[in-house]
Amino acid sequence: MGDQVFGSSSDDLRWMRRALALAREAARAGDVPVGAVVVGADGRLLGEGSNRREAEADPTAHAEIVALRAAARALGTWRLEGSTLYATLEPCPMCAGALVAARVRRLVFAARDPKAGAAGSLYNLVEDARLNHRLVVAAGVLADEAGELLRAFFRERRA
């Protein structure tokens, strides 16, 4: 697995904090607290999103998909070459596939998802040499904070 965290750059921390704020918004709306942000090669915010599956009754309304759609609209193209996606949770197979299809350059995520993660935990679609594009991956940026947000959400749901 090609995971790396280089001491987490200040930009990585800044954007992951924004993704965590979006995740908190999702939790307040009753959705699983996951947030995502897409940043262009120039460091400009292109799109952001939080889980909206419950709000939109849409199984594809994962934070990453919402953010990718916003970024593509902002650029006027589906090709997000040179961009970085920040996510509070390791992407699932659907979202990992979308990252590959969109030609995102880099994925930075916080918490691993051993049940559905497709960036190294269960699958590794984002670095699969059989696909036409691979991403650079940095895992574990603010993982403790993201993990606690998820655990608290599910504790409350079970109570």
| query | Does any N or O in the side chain of Glu90 come within less than 3.5 Å of the main-chain N or O of Asp113, such that one atom is a donor and the other an acceptor? | reply | yes
| note | Only one of Leu45, Thr84, Val38 passes side-chain contact (heavy atoms from CB on, under 4.5 Å) with Trp15, and that residue is Leu45
| task | Write down the atom of Ala138, the atom of Arg106, and the distance for their closest heavy-atom approach. | result | CB-NH2, 4.1 Å
| request: Please answer whether the main-chain N or O of Val32 pairs with a side-chain N or O of Asn51 as donor and acceptor at a distance below 3.5 Å. | output: yes
| field | Nearest heavy atoms of Ala110 and Thr88, plus distance in Å | value | CB-O, 3.2 Å
| Salt bridge present between Glu156 and Arg151 (N-O < 4.0 angstrom) | no
| query | Which residues pass the side chain to side chain contact (heavy atoms under 4.5 Å, CB included) test with Arg157, sequence neighbours left out? | reply | Phe153
| message | With a 4.5 Å cut-off on side-chain heavy-atom distances among I, L, V, M, F, W and Y, is there a chain of contacts connecting Val141 to Val37? | response | yes
| request: State plainly whether the residues Arg18 and Glu48 are in salt-bridge range, i.e. N to O under 4.0 Å. | output: yes
| Quick check: does any side chain N or O of His133 sit under 3.5 Å from a backbone N or O of Ala101, one acting as donor and the other as acceptor? | no
| request: Any salt bridge (Lys or Arg N to Asp or Glu O under 4.0 Å) involving residues 53-79? Give me the pairs, sequence neighbours left out, ordered by first then second residue. | output: Arg52-Glu56
| query | Closest heavy-atom contact between Leu99 and Val126? | reply | CD1-CG1, 4.5 Å
| task | Answer yes or no: is there a donor N or O on one side and an acceptor on the other, between the side chain of Ser50 and the main chain of Glu25, under 3.5 Å? | result | no
| Do the non-hydrogen side-chain atoms of Leu85 and Leu68 ever get within less than 4.5 Å of each other? | yes
